[in-house]
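Here's the structure, in structure tokens; my notes come after.
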Amino acid sequence: MEYPFEKIEKKWQNIWAEKKIFDAEDFSEKPKYYVLSMFPYPSGALHMGHVSNYSIADAISRYKMMQGFNVMQPMGYDSFGLPAENYAIEHNSHPRITTDENINIMRNQFDSIGFGLDWEREVSTCHSDYYRWGQWLFKKMYEKGLVYKKTSFVNWCESCQTVLANEQVEDGKCWRCETVVRQKELEQWFFKITEYAEELLDFSKVIEWPERVKTMQTNWIGKSFGTEMWFKLEDSDDIIKVFTTRPDTIFGCTFMAVPPEHPLMMKWLEKADSEIKKFCDKVMNEDKITRTAEETTKEGMFTGRYALNPVNGEKVQIWVTNYVLMDYGTGAVMAVPAHDQRDFEFAKKYDIPIKIVIQNPEKSLVLKEMTKAYIEPGILVNSAQFDGMESVASQKAITDWMVQQKTGKHTITYRLRDWGISRQRYWGTPIPIVYCEKCGTVLVPDEDLPVKLPEDVQLGKTTQNPLLSVPEWINTTCPQCGGTARRETDTMDTFVDSSWYFARYADAKNDKIPFDKEKADFWLPVDQYIGGIEHAVMHLMYARFFHKFMRDIGLVSSDEPFARLLTQGMVTKDGAKMSKSKGNTVDPQYIIDRYGADTVRVFMLFASPPDKDSEWSDEGVKGSFRFLNRVWRLFEENLELIKENSAAKEREEAQSIFAEIKELRFSTHFTIKKVLNDIEDRMQFNTAIAAIMEHLNNIYSITETDKLNDTEKAVFAEACTVIPRLLYFFAPHISEELWKLMEREELVHEAGIPEFNKEFLKKDEVTYVVQIMGKVRGKMEVPINTSQEEIKKLALEIENVKKYMEGKEIKKIIVVPKKLVSIVAK
RNA sequence: GCGAAAGUGGUGGAAUUGGUAGACGCGCUGGAUUUAGGAUCCAGUGGGAGAAAUCCUGUAGGGGUUCGAGUCCCCUCUUUCGCACCA
């Protein structure tokens, strides 16, 4: 017989909803705890990744509820974006309709799994009551000087007349029409995230973030100390600035590499010969993906021009290449082939001179014998007055000297670039800007917000931005002079919408401001944030940037949005990520219908630690179902005994208890300790569930319950009653039902976290493992308070140990308390 | 190419601080029960030798540190995630 999960789950979901136990209370007396999982994109159906993510969040949330916290676990939808636009075109519908439909489906699915969500705070980024505040924040940022416009290159399909996202470029071609993608220069809006680079490097204000995420963000920001050097041109007064982290190699600079996009290059191109023009054209039209692909060979052409090395006046060839990028550093590289591998390969290919300026102190370098660049530190040679200096020490000396000579300066460079937020698409937050013929670029005034996305657009008729097809929306009046003006038709990157939603949950219905400061300060920072590792850098850094910006304009007081971060792994099947194209998806709804929500949750949490990928297994789900059935049967078969004895106190001395029952009592208290420790300190739910399974096995090992005396019955009952309270975090429905069967009045979380008694965890004896030269040769049980000397003696008396020690001399005996004895012998 | 992780039985995984490798679950084998299927219960299950005690071997591969290494260090391979060729 299967336990009646269907009836139980519906019943408790209704009770929870009626009692509003998941409604978080602003300014409550109880300490707050804010649990947030990254909100989903409303694709129309939950996938296993969602179930895994939200099962983790719900386990933490219910644990905190049981501890007496005022828990907030909100939910919303990241509902703008390209996929919705494409989906609507495919289904000849409108993204507004399909998105809202999808949201309704997903909301029902969340409820059918019984997640403890506070629906009063639901947000959807595509609704104007949400995105108007995104526009408001854009304006604030603009007013603060953190928004600007500049040209940058985008992937452009000539035939579709549209900008393509990187993911829409396949093998350098448009995914729809297979036209070769070109690079086109467009005016775009940028957020000055680089202003916050230094603060974003500082993680001292977060409580617990995975090291790997901090490292990835730190590397992404890429702070480097170096030298900026100014190269004069041979035949003009123009100067080329280069940035280098290796000023010690400057005397070995034999050429300079610039990208076609470099301003000087653009200038020269007018007069350049056709070969160079052709080359530049080719490089610039390579889409970013091809240009950054590993197979792409480093290519270049000599421009015929020279710069002068600022330290010795030597002529340096200027090459235009495909491997230097305009947007990092100064957009030009001083090339030192002898001491940089990429420069070395390039110089060899094009027969450019190579000059050794750092000698290997171990083995002198000989130019003709070099097969690769020497990049390690060494001793300077061919470097004028710096000859003989150690290369690392010379970096400061050379730069100091260049500062004196006014040919360079110390500088700090970040790899991080400003955030381009313009998207030439329909389904996104409109940028609240109008262009007036007289006044120029004008912000839309607060009272005119939101700038609503027009609903009546032509989707799919043309491939270009559908907003261009709505003249009545584009054409407007200038809020300053009342003259004719045009609206900005770019919309914002959806990462903007997801960069502040966590704060909106604190006050989701506010229609006067983005959110009330007091409420935001009450709830923020998010105590526990949970989401995929794929967001380690971009989303998580954009959100930190926004939070710091919001702090700086007085909207919030905290420094970081997310105090603790848990990055969960993917759900795989047959070793690969579940995806429709691979055909290896599993529909959670089917599994819920067949085995119940509790089973699915237990399986997802039991399959692997939350931060690791987990492999889906149909058989494994059955195992979780079997476990819950075993729990159910235990209560069914022993209900009277449990009910009658669960409130009973210990009636006799512990010593008088039958040994097996004493072990059961140990198991009860050990399990409590283990489960709480796994959740609180380790966030490892798989071992917590395993511990409950083990405890259940221990209970089942007591077979003749009718022969127990009163004390023993109390111990047995206690062993059972602990289960619903520990299982509640993972399988809340069945736990509530069992609790109710025991005629408890309160809900499980109101009963509080079970406590363990240290007294019952004490053991009289411990097992020592005896090793000789690292190999296990025996085991022994000794009373817990045996002295070290005694333990050594006992270890040497073990038969097997004696055998191995024959003819050997004891050099040392190491005793690890309560664990092992290691004998070092010769 | 760059950055970040991971690799343990047939399988998902456990081993929390360098201290008995394989907890717990799945699968499999044998048995009990059942008209059958299913469900349930009991026993076994890394590989090799042995009747057994026990021994040898084993955590992607190679090397090192240590009384002792899945765990720490170096190199290699493979897989996954992110990306903006980061000088």
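Naming convention: chains lettered A, B, ... in sequence-line order (proteins, then strands); numbering from 1 in each chain. Quick note: numbers below take in every heavy atom, side chains included, and nothing from hydrogens, waters or symmetry partners.
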Given salt bridge (Lys or Arg N to Asp or Glu O under 4.0 Å), test A:Lys192 with A:Asp418 step by step and report yes or no. CA-CA 5 Å; A:Lys192 276 193 198 167; A:Asp418 281 336; over 6 Å; no

Quick check on [N]: is either OP1 or OP2 less than 4.0 Å from any side-chain nitrogen or oxygen of [X]?
| X | N | result |
| --- | --- | --- |
| A:Tyr768 | B:G19 | no |
| A:Arg777 | B:C55 | yes |
| A:Asn219 | B:C2 | no |
| A:Asn800 | B:C55 | yes |

Using a 3.5 Å distance criterion without hydrogens, assess whether the side chain of A:His50 forms a donor-acceptor pair with backbone atoms of A:His47. yes

Return yes if some donor-acceptor pair links the side-chain N/O of A:Asp248 with the main-chain N/O of A:Gln395 below 3.5 Å, else return no.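 Flag not set: sc A:Asp248 to bb A:Gln395 has no pair under 3.5 Å.
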
Aromatic ring proximity, centroids under 6.0 angstrom, A:Phe495 and A:Trp419: no

Flag the pair A:Glu2 and A:Arg594 as a salt bridge only when some basic side-chain nitrogen lies within less than 4.0 angstrom of an acidic carboxylate oxygen. yes

Output a table of donor-acceptor pairs, distance under 3.5 Å, between side-chain atoms of residues 799-812 of chain A and any protein atom two or more places apart or on a different chain; print 'none' if there are none.
unit_1, atom_1, unit_2, atom_2, d
A:Asn800, ND2, A:Arg777, O, 2.9
A:Tyr804, OH, A:Arg777, NH1, 3.2
A:Lys808, NZ, A:Tyr804, O, 3.4

When rounded to the nearest Å, what value does the distance between [atom1] atoms of [N] and [M] take?
| N | M | atom1 | answer |
| --- | --- | --- | --- |
| B:U66 | B:U71 | C1' | 13 Å |
| B:U11 | B:G19 | P | 26 Å |
| B:U17 | B:U29 | C1' | 40 Å |
| B:A69 | B:A49 | C1' | 27 Å |
| B:A15 | B:U33 | P | 40 Å |
| B:A87 | B:G22 | C1' | 48 Å |

Using atom names, set out every protein N or O paired with an N or O of nucleotides 37-43 of chain B below 3.5 Å, distance rounded to 0.1 Å.
unit_1, atom_1, unit_2, atom_2, d
B:U40, O3', A:Arg633, NH2, 3.1
B:C41, OP1, A:Arg630, NH1, 2.6
B:C41, OP1, A:Arg633, NH2, 3.3

Rounded at 0.5 Å granularity, tell me how far CE in A:Met780 sits from CD in A:Glu797.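 The CD atom of A:Glu797 is 9.5 Å from CE of A:Met780, to the nearest 0.5 Å.
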
Of the listed nucleotides B:U16, B:C83, B:A4, the one nearest the side chain of A:Arg682: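 Of the candidates, B:U16 comes closest.
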
Which way is the base of B:G9 turned, syn or anti, if we draw the line at 90° from 0?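 For B:G9, whose glycosidic angle is within 90° of 0, the conformation is syn.
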
For residues A:Val213 and A:Ala536, report the shortest heavy-atom separation together with the two atoms involved. CG1-O, 3.6 Å

ring-ring contact (aromatic ring centres under 6.0 Å, His included) partners for A:Phe666, two or more places apart: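 A:Phe666 satisfies ring-ring contact (aromatic ring centres under 6.0 Å, His included) with A:Phe670 once adjacent residues are dropped.
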
Name all residues meeting the salt bridge (charged side-chain N to carboxylate O under 4.0 Å, His left out) criterion together with [X]; count only those two or more places apart in sequence or in a different chain, and write none if there are none.
| X | answer |
| --- | --- |
| A:Glu619 | A:Lys622 |
| A:Lys214 | A:Glu211 |
| A:Arg682 | A:Asp678 |
| A:Arg415 | none |

How does RNA chain B look in dot-bracket form if you count Watson-Crick and G-U pairs under 3.5 Å, write [ ] for pairs that cross, and put | where a base pairs with another strand? (((((((..(((......[....)))((((((.......))))))((((....))))..(((((..]....))))))))))))....

Would you kindly give the CZ-to-C1' distance between A:Phe346 and B:C85, to the nearest whole Å? 13 Å

Could you check A:Gln684 against A:Gly623 and say which one's nearest nucleotide on RNA chain B is further toward the 5' end?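 Looking at the nearest nucleotide for each, A:Gln684 comes out on the 5' side.
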
Are there any protein N/O atoms within less than 3.5 Å of an N/O atom in nucleotides 63-68 of chain B, and if so, which ones and at what distance?
unit_1, atom_1, unit_2, atom_2, d
B:C67, O2, A:Ser822, OG, 2.5

Protein-nucleic acid N or O pairs under 3.5 Å, nucleotides 69-72 of chain B:
none

Contacts of type side chain to side chain donor-acceptor pair (under 3.5 Å), residue A:Asn219, not counting sequence neighbours: none

Side chain to side chain contact (heavy atoms under 4.5 Å, CB included) involving A:Lys673 - partner list, sequence neighbours excluded: A:Phe756, A:Leu761

Under 4.0 Å, heavy atoms only, any strand: does A:Ala607 hit a base, just the sugar-phosphate, or nothing? sugar-phosphate

